[in-house]
Amino acid sequence: MSKDGSLGYLTTRLDAVIDWGRKNSMWPLPYGTSCCGIEMMATLAADYDMARFGAEAIRFSPRQADLLIVAGIINLKMAPILKTVYDQMAEPKFVISMGACASSGGIFNVYSVLQGIDTMIPVDIYVPGCPPSPEGLMHAVLKLQDKVARHDTHAHRRIAAAAGKLIANPQRTQGA
Amino acid sequence: MDIRKPIPTNGGDWNTKFGETWKAQTAKLRDKFAGAIEEIRMPVEYPTDVPVIYVKKDQIIDVLGFLKSEAGFEYNFLSDITATDEEADPRFEVVYNLLSHTLKCRIRLKVRVKDGEEVPTACALWTAANWQERETFDMFGIKFKGHPDLRRILMDERWVGHPLRKDYPLRGYQVFTEPMAAKPELLD
Amino acid sequence: MADPTGTNYSLPSGIDIHHGAHHDPDDLWEDSRVIVNVGPTHPAMHGALRMVARLNGETIENSYCEFGYTHRAKEKLGENRSYHNYIVYTDRLNYCSALANNVAYAMAVEKLMGIEVPERAVWIRMACAEIARVIDHLICVGINAVDIGAFSFFLYGFHQREEAYTLIEKLCGARLTTSYTRIGGLMADAPEGWEKELKAWVNKTRKTLDEMDRLLTGNKIWHQRTVGVGTFNKEQCLRYSYTGPNARAAGIDIDLRRDQPYMYYKNVEFDVPIAQNGDVFDRYAVRMEEIRQSLNILAQIADKMKKGPIWTEDKRVRIPDKEVVHNTMEGLIHHFKFFMTGFEVPEGEAYSAIEATNGELGFYIVSKGGPRAHRMRIRGPSVYHYAGLTEMTNGEKIADMVAALGSINIIAGELDR
């Protein structure tokens with residue numbers, strides 16, 4: 001360990017390599033409930049190919065996925081199931097809240113709708129739009145990749161907190 | 001200008017096409033079910049697009065069965081069962097929308113029912129009524145007598161209250177921490 | 001506890017694998033019955049649907065279906081939002097064919113108000129409804145094929161859907177949730193040359209459809225997976241109030257475009273494909289043929305469309321143009337009243353149904369005067385189709401259930417509203 005508390009050169013390089021691998025092979029769990037699910041399908045299809053950025057292997061099992069893309073409305077009936085799926089995922093896990101409905105309830109401020117999934121699970125990236133266009137979702141995935149490279153996601157903070165050590169090279173930039 | 005204006009492009013000309021048919025049908029219904037029919041509202045006198053027949057709740061199944069099978073009526077297709085909360089007395093009106101595949105015309109039946117009263121189920125006539133009546137129960141609290149499986153369908157089974165009633169608030173959230181369990185006993 | 005294969009094993013005491021269900025120790029297959037929860041989060045379920053099935057080996061003995069995991073209270077919102085505001089909620093019904101829902105809702109309110117829509121608006125609305133039909137059918141057969149295992153079939157169709165999105169973007173700026181119609185007309189006119197692009201897209205889609213046809217329609221593997229699977233005959237379809245391609249695949253000859261004609265469907269020529277058996281293959285074939293018929297209708301509409309106004313001048317529903325709003329007092333007040341209070345719809349009730357992609361999409365609107373509806377009931381065809389799934393799949397293998405579910409085209413937005 002260096003004098004200022006940051007980790008040594010070799011371990012930071014190793015962290016960088018591991019996170020490089022993580023960000024370029026993110027396996028999404030497409031949690032598509034409604035209209036945003038169709039735009040998520042469009043992003044994964046041939047025209048706006050998500051495979052270009054490594055997020056091609058979609059896995060519907062939470063044990064095998066590391067990126068939870070919540071695309072669509074989350075109901076009060078569905079909310080406990082989302083929590084269960086999120087809990088079943090293995091660390092490090094990232095969450096993208098796609099669309100207005102997942103981020104905040106959207107245009108549906110009604111008795112049956114959860115007003116934002118961040119009331120239940122920590123979200124890394126919010127994608128505005130109703131539905132966001134596939135470019136928006138891809139921008140979100142790329143931003144998430146940048147965040148992973150900077151060790152700036154909730155997953156990293158949890159891992160660091162669990163290990164009781166400082167995050168290596170936290171480079172949190174303004175407005176990102 | 002309201003619904004009485006006949007506009008062909010949005011189906012507003014049904015009265016021109018089926019006016020005579022409906023007059024004959026409602027006359028026959030009045031003869032056969034004189035005691036059961038409370039009121040008939042015809043299209044041009046009232047602001048409605050099809051005749052609305054108010055039936056007493058105990059005889060609704062007889063009238064529906066007659067409409068379904070009788071020649072000249074042949075309303076064999078159930079489009080919809082729903083309800084409205086009138087906030088008057090009696091509180092609810094259960095609405096049946098029917099379509100005839102052979103005559104290509106529609107008709108509407110309504111049953112006025114007080115809060116707490118039961119309406120006989122139409123499941124014997126159409127199996128589609130099963131889920132629609134469950135939904136009407138879920139949203140309004142109207143019970144259907146003789147329904148094989150009357151429980152909530154859209155809302156969580158632990159939900160309290162009936163959302164589409166006028167006194168239920170738009171934002172009446174009820175949060176659950178456990179998902180709805182599977183019920184193996186329903187499979188037996 | 002003995003098992004049929006003869007290998008001795010026993011469970012530790014205290015574990016009850018029967019979950020309180022009927023336990024018959026003489027039943028030979030007792031231990032091979034499994035209760036499977038095809039839960040709301042599942043790749044094969046379209047949207048959030050849940051099916052709990054009791055399997056005997058691979059065969060479904062009994063099942064029950066649940067929905068409501070995407071319930072967004074649109075009917076309650078209909079009582080709390082003005083008629084103009086409600087247009088955005090109608091897109092989110094059948095979100096694969098959002099334009100059709102917009103058209104259906106606008107027609108329902110216009111029926112209540114006695115408003116006649118100008119001719120060009122009706123032609124464009126017809127084109128919207130038919131484009132919506134084509135793209136929804138492409139998704140439906142595409143996803144059905146993906147569930148069964150044919151993935152590239154989906155990609156062909158999806159590319160045409162992306163090109164349709166470009167057409168729709170030219171109309172209203174949005175790909176999926178369009179909110180294009182207004183009460184009394186349309187939001188904006190189709191741009192110059194849109195008809196030509198529509199015809200070009202129609203021709204390209206016809207060719208793509210031929211390619212897709214060559215992939216699956218004569219394919220022996222596809223036949224083995226879909227012929228005789230998920231059969232729902234005419235009598236069952238009528239009992240469950242099936243409409244649309246699912247009903248026509250069983251032989252029910254009803255198409256609201258032909259039988260209760262609305263818009264200008266009397267002025268275009270099209271056929272209504274009917275099949276006999278009501279199995280998954282028939283639904284696929286009816287949908288493919290309906291796409292072709294819709295493409296024919298679109299080509300005819302592109303020829304018949306003429307220039308003209310696209311919004312009625314009826315002052316009750318016409319939002320004044322910006323020049324009028326900014327430069328005249330009356331325009332300003334009219335604009336203000338329109339958006340703050342909402343226009344009033346006279347008392348009345350109407351059930352207005354169109355032949356949407358999935359079947360009969362009906363809006364039953366009860367108005368007691370005033371700017372908000374008293375009751376906004378949406379008759380979504382998917383509810384009726386999903387109700388029949390239990391009867392359709394009893395006795396079939398669980399893999400066949402996946403094929404059958406994909407073929408009846410459940411859209412969660414329409415199902416749960």
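Residue numbers start from 1 in every chain, and the chains themselves are labelled A, B, ... in the order their sequence lines are given, proteins ahead of strands.
- Within 6.0 Å of atom NZ in B/Lys57, more than 12 heavy atoms from other residues, nucleotides or ligands are found, so the atom counts as buried in its surroundings.
- Taking a 6.0 Å sphere around CD of A/Glu56, one finds it holds 12 or fewer heavy atoms contributed by other residues, nucleotides or ligands.
- Across all non-hydrogen atoms, the minimal contact from B/Met155 to A/Lys77 is O-NZ, 3.6 Å.
- Of the two parts of B/Glu157, neither the backbone nor the side chain holds a non-hydrogen atom closer than 4.5 Å to a non-hydrogen atom of chain A.
- Heavy-atom pairs under 4.5 Å with chain B peak, among A/Asn109, A/Asn75, A/Leu114, at A/Asn109.
- In terms of heavy atoms, B/Trp159 sits closest to A/Tyr111 at CH2-O, 3.2 Å.
- Here the shortest heavy-atom pairing between B/Pro179 and A/Thr84 reads CG-OG1, 4.3 Å.
- Considering only heavy-atom pairs separated by less than 4.5 Å from chain B, the leading option among A/Met120, A/Gln115, A/Lys83 is A/Gln115.
- Listed here is the closest heavy atom pair of A/Val110 and B/Tyr173: O-CE2, 2.9 Å.
- Crowding of B/Lys32 atom NZ: a count of heavy atoms from other residues, nucleotides or ligands under 6.0 Å not exceeding 12.
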